[in-house]
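All remarks here apply to the structure that follows.
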Amino acid sequence: MDLERYPSPSNNKGRCTKMPFIQVQMIAGRPEEKVKELIANLTSTVCETLGAPKENVRVIVTEVPKSHWGIGGVPAADIPGR
């Protein structure tokens with residue numbers, strides 16, 4: 001593996017330059033502003049924890065319809081209060 005192409009803390013003076021990739025799956029229905037806030041907060045936390053530059057962090061949020069999210073063998077859409 002070419003370590004110059006894939007720098008890590010051990011070969012890059014302690015700076016993490018890898019691309020952290022965060023995947024979030026959640027039931028659909030939250031306001032767009034809350035999803036944006038989640039992306040910003042996750043990015044900040046990863047940067048702070050791993051020392052990764054903000055521009056290297058990737059976040060993907062997948063919203064799943066309640067009818068496609070099972071809880072205890074039942075679609076969430078069929079559970080009262082969900």
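For the numbers below, each heavy atom of this structure counts, side chains included, while hydrogens, waters and symmetry mates do not.
Between Pro20 and Leu50, the closest heavy-atom pair is CG-CD1, 4.1 Å. Summarising the geometry of Ile27 relative to Lys66, their closest heavy-atom pair is CG2-CG, 3.3 Å, with the distance given to 0.1 Å. Considering every non-hydrogen atom in both Ser67 and Ala77, the closest pair reads N-CB, 3.9 Å. Annotation for Cys47 and Ala52: closest pair SG-O, 3.2 Å, computed over non-hydrogen atoms.
Rounding to the nearest 0.5 Å places CD of Glu33 at 12.5 Å from CG of Leu38. Here Glu32 contributes atom CD and Glu63 contributes atom CD; the two are 9.0 Å apart, rounded to the nearest 0.5 Å. Between atom NZ of residue Lys36 and atom CG of residue Asn41 there is a gap of 14.0 Å, rounded to the nearest 0.5 Å. How far CD1 of Ile60 is from CD1 of Ile39: 9.5 Å, rounded to the nearest 0.5 Å. For the atom pair CE (Met19) and CD (Glu55), the distance works out to 9.5 Å, reported to the nearest 0.5 Å.
Proximity of Ile22 to Val46: side-chain heavy atoms (C-beta onward) are separated by under 4.5 Å at one or more points. Using a 4.5 Å heavy-atom cutoff, the side chains of Thr43 and Lys54 are in contact. A 4.5 Å side-chain heavy-atom check between Val57 and Val59 finds at least one atom pair inside the cut-off.
Applying the 6.0 Å contact sphere to CD of Glu48 captures no more than 12 heavy atoms from other residues, nucleotides or ligands. Within 6.0 Å of atom CZ in Arg58, more than 12 heavy atoms from other residues, nucleotides or ligands are found, so the atom counts as buried in its surroundings.
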> Under the side chain to side chain contact (heavy atoms under 4.5 Å, CB included) criterion, do Val24 and Thr62 qualify, and how do the steps go?
Replying inline: CA-CA 6 Å; Val24 177; Thr62 304; over 6 Å; no
> Given the rule in the side chain to side chain contact (heavy atoms under 4.5 Å, CB included) test, do Val35 and Met26 qualify, once you have shown the distances and angles that lead to the verdict?
Replying inline: CA-CA 10 Å; Val35 175; Met26 59 187 187; 3.7 Å; yes
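Ile79 and Trp69 fall within a single hydrophobic cluster, where Ile, Leu, Val, Met, Phe, Trp and Tyr are joined by side-chain heavy atoms under 4.5 Å apart, directly or via other members. Both Ile71 and Val64 belong to a single network of hydrophobic side chains, linked directly or stepwise wherever heavy atoms of I, L, V, M, F, W or Y lie under 4.5 Å apart.
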